[in-house]
There are 2 protein chains.
Amino acid sequence: MKKVSLKVIARELGVSAATVSLVLNGKNKNGRVSEEMSKKIIDKAAELNYIPNSLAKGLKMGHSKSIGLIVADISNVFFGTLALHIQNYAESEGYTVIIGNTNEKLAQMEKIIFFLNSRQVDGLIITPAEGSDELIQSILEIKKPLVLVDRGFPDLDVSSVLINNYEICFRATKQLIDQGYKNSAFIGYKQNQFHTNERKRGFVEAMKEAALFTPDQVKEVSYQSLEEDMDEVISQLLKCAQKVEAIFFATNTISMAGVKSLLKRGVLIQKDIQVMCFDETDAINLFPFRVPFIKQPIEEMARKALELLIEQIEKKEVKNHKLFLEAELIS
Amino acid sequence: MKKVSLKVIARELGVSAATVSLVLNGKNKNGRVSEEMSKKIIDKAAELNYIPNSLAKGLKMGHSKSIGLIVADISNVFFGTLALHIQNYAESEGYTVIIGNTNEKLAQMEKIIFFLNSRQVDGLIITPAEGSDELIQSILEIKKPLVLVDRGFPDLDVSSVLINNYEICFRATKQLIDQGYKNSAFIGYKQNQFHTNERKRGFVEAMKEAALFTPDQVKEVSYQSLEEDMDEVISQLLKCAQKVEAIFFATNTISMAGVKSLLKRGVLIQKDIQVMCFDETDAINLFPFRVPFIKQPIEEMARKALELLIEQIEKKEVKNHKLFLEAELIS
DNA sequence: AATTTTTAATTAATCGTTTAACTTACTATT
DNA sequence: AATAGTAAGTTAAACGATTAATTAAAAATT
């Protein structure tokens with residue numbers, strides 16, 4: 001069973017490969033190829049089950065009609081959902097998506113970028129790992145179309161689709177305060193990324209404004225030992241002299257681990273302690289009552305990121321926009 | 001900033017592109033290229049930040065060193081985890097993975113296969129959608145390396161990595177019976193796929209063996225309207241004359257929806273009703289007590305699927321194995 | 001000194017497509 | 001009858017990399 005190329009179709013019909021290419025790409029304008037031959041070619045292609053070789057096409061055309069999506073971990077439901085929407089939208093625009101996982105490692109991210117570039121992706125959508133600003137800078141330098149999503153670098157002039165982390169966390173905290181939860185804690189990752197810092201800042205500023213802030217309200221857990229750290233932090237909070245009334249979890253994975261740790265100790269959510277989660281997770285969906293959470297517009301993030309990227313790719317100019325989409329406070 | 005190709009490196013050093021290719025691919029055995037020139041070439045490649053064009057390489061070599069992974073929905077954590085492991089293992093073998101979502105639609109699956117083939121993937125790993133046996137057959141006919149995972153077609157002679165669905169469900173049901181839950185229900189999807197039928201059969205046979213089976217113990221929900229159907233089914237079960245003592249959920253998404261629906265009605269899991277879940281989900285991880293579930297060896301499935309695929313690709317012969325891995329009953 | 005062997009490269013074809021430029025045979029116009 | 005115009009193709013180079021076959025010079029062997 002030989003591979004079916006343009007040449008094979010051409011030979012079978014006694015025409016040149018060029019003619020076949022013209023017809024199959026709909027470029028037989030102003031009398032390039034006769035109606036009759038066009039039909040023959042189209043029929044023969046279907047008969048032989050012709051599949052165009054996009055490696056050859058990409059090589060010739062200088063673009064691959066594919067984009068790279070780099071996330072931390074595709075098994076995390078936030079990234080999975082983002083990927084799903086990006087793929088769906090990309091497909092409708094004629095692009096394929098190749099996904100890479102960094103596992104939050106800089107070295108891994110570097111490897112993936114090389115890999116994707118060698119595969120000639122036309123552009124990249126990245127949720128950058130901590131400390132990857134120089135790497136991002138180097139992508140900008142080779143003028144490869146690029147959009148950051150979810151996380152950005154304020155100092156870098158690069159297209160980004162972000163959310164209003166500070167403001168939404170400020171509002172969420174304020175709401176807790178207004179509802180009477182005076183002594184709250186905030187649990188975030190032990191890292192130094194702009195977007196998570198902003199979330200923390202939202203919490204801190206709201207507490208300060210109400211003159212309720214003390215530094216020990218902010219706790220950190222590490223990505224690698226999430227469950228253990230969480231158990232430690234939660235038990236610290238529970239045996240505090242001044243009773244903790246609410247806990248603000250800074251990400252979806254933290255929310256999950258946090259709620260789990262609370263339940264393990266027999267703490268009743270909303271009765272003993274109120275929680276505020278970032279992202280809608282199964283953890284809070286299961287309760288027979290509403291648990292307040294911050295909902296990110298994931299689908300819109302995906303769409304905007306792709307729009308910005310395709311604009312860069314097709315207009316060939318790197319115009320940088322930073323978009324701040326609005327997250328929603330659901331309670 | 002011109003693109004850096006082999007030719008560019010060659011020109012800068014006054015040698016031919018062939019020499020550069022030889023060196024950069026480590027093929028300068030038995031005195032093809034001098035040590036001196038080798039070093040120069042390697043240094044220059046690094047200096048110019050050379051990135052090989054894998055479209056060109058793939059075109060020439062006849063393989064792309066990439067594989068296609070087709071799943072139902074990458075935002076589903078089961079598929080996300082599968083994808084993560086497949087990617088990790090593929091990477092260590094020098095392959096890229098391109099993921100496609102079928103959304104359980106046959107037409108979509110057909111489109112994706114065409115797409116991936118045009119991108120010259122060297123092989124495919126597929127979780128086939130319902131009714132896709134003919135489509136799978138057509139892939140076999142063009143002798144494209146192929147491995148099915150999670151779901152298989154018993155009548156098709158195709159490499160597959162599956163689990164012992166019947167046996168593990170039989171055992172799980174038997175365990176429920178042994179623990180005293182005499183009147184159980186089984187909730188699965190309204191579809192006709194071999195792997196889910198096997199799960200149902202496991203339940204039914206175990207109940208029959210204990211002379212506890214009645215046909216109305218088996219309920220069905222549809223994928224498209226899961227939550228509504230689940231609420232309907234659960235309320236049916238709750239107002240049954242004969243009290244339902246345990247519910248067996250046939251997949252991870254069903255488990256999630258089922259537990260949620262029960263909690264919404266104030267039913268206490270394990271106190272009022274025992275549950276048995278397929279897959280470990282957040283739904284059951286959150287309880288402060290152990291909820292029994294069936295654990296699939298996802299990482300091993302990923303590894304075996306890739307092993308079988310790469311074997312096919314590299315040995316060029318399509319030797320079909322059907323692997324049945326063992327799921328584990330955790331309680 | 002003549003011949004063989006080894007070393008260090010180069011040449012040229014090829015993978016499958018695309019497309020600008022060209023050709024050839026008709027038809028229409030003056 | 002000579003010229004222009006159109007219809008329906010073909011030719012050939014190019015994209016970037018690989019590799020079998022070849023070449024040319026230097027070193028080793030007789």
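Chain A is the first sequence line, chain B the second, and so forth, proteins listed ahead of strands; every chain is numbered from 1.
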Review point. Does the side chain of B/R119 come under 3.5 Å of the side chain of A/T96 through a donor N or O and an acceptor N or O?
Key: yes

Point to revise | 5' priority, DNA chain D, between B/V4 and A/R32 [closest heavy atom] | key: A/R32

Practice item. Scan A/T19 against the nucleic acid and name what it touches under 4.0 Å (heavy atoms): base, sugar-phosphate only, or nothing. Key: base

Review point. Starting at CD1 of A/I41 and ending at C1' of D/dG9, how long is that distance when rounded to a whole Å?
Key: 10 Å

Practice item. Ignoring backbone atoms, test whether A/S16 places a side-chain nitrogen or oxygen under 4.0 Å from the OP1 or OP2 oxygen of D/dT10. Key: yes

Practice item. Can you tell me the distance, in whole Å, between the CG atom of B/L59 and the P atom of D/dA17? Key: 12 Å

Revision key, fill the gap. Separation of C/dA8 atom P from B/E35 atom CD, nearest Å, is 9 Å

Exercise for review: Would you please name every residue forming a side-chain contact (heavy atoms from CB on, under 4.5 Å) with B/S21, sequence neighbours left out?
Suggested key: B/L6, B/N25

Review point. Is the number of heavy atoms from other residues, nucleotides or ligands under 6.0 Å of B/K144 NZ greater than 12?
Key: yes

Check your understanding: For C/dC15, does either OP1 or OP2 sit under 4.0 Å from a side-chain N or O belonging to A/K7?
Key -> yes

Review point. A/K39 NZ to D/dA8 P: how many Å, rounded?
Key: 15 Å

Exercise for review: Mind checking B/N25 for me? I need base, sugar-phosphate or nothing, with any heavy atom below 4.0 Å counting as a touch.
Suggested key: sugar-phosphate

Review point. What nucleotide, of D/dT18, D/dT10, D/dG16, holds the atom closest to the side chain of B/S5?
Key: D/dG16

Check your understanding: Once you round it to whole Å, what is the distance between C1' of D/dG9 and NZ of A/K27?
Key -> 17 Å

Exercise for review: Would you mind reading off the distance between B/K65 atom NZ and D/dT18 atom P, rounded to a whole angstrom?
Suggested key: 13 Å

Review point. From the list C/dT19, D/dG16, C/dT18, which nucleotide is the closest neighbour of the side chain of A/L22?
Key: C/dT19

Check your understanding: Between A/D122 and A/S64, is there a donor-acceptor pair closer than 3.5 Å when you use the side chain of the first and the backbone of the second?
Key -> yes

**Study point:** Phosphate OP1/OP2 of C/dT18: any A/S21 side-chain N/O under 4.0 Å
**Key:** yes

Revision key, fill the gap. Atom NZ of B/K60 and atom P of D/dA17 are separated, to the nearest Å, by 13 Å

**Study point:** Minimum-distance nucleotide (side-chain atoms of A/N53 versus D/dA17, C/dT17, D/dG9)
**Key:** C/dT17

Check your understanding: When you check the phosphate oxygens OP1 and OP2 of D/dG16, does a side-chain N or O of B/Y50 lie under 4.0 Å from one of them?
Key -> no

Review point. B/H63 NE2 to D/dT18 P: how many Å, rounded?
Key: 10 Å

Check your understanding: Distance check: side-chain N/O of B/S34 vs OP1/OP2 of C/dA9, anything under 4.0 Å?
Key -> yes

Practice item. Assess whether side-chain contact (heavy atoms from CB on, under 4.5 Å) is satisfied between A/M109 and A/I136, documenting all intermediate values. Key: CA-CA 10 Å; A/M109 182 169 160; A/I136 295 295; 3.8 Å; yes

Practice item. Report which part of the nucleic acid A/K57 touches: base, sugar-phosphate, or nothing (heavy-atom distance under 4.0 Å, all strands). Key: sugar-phosphate

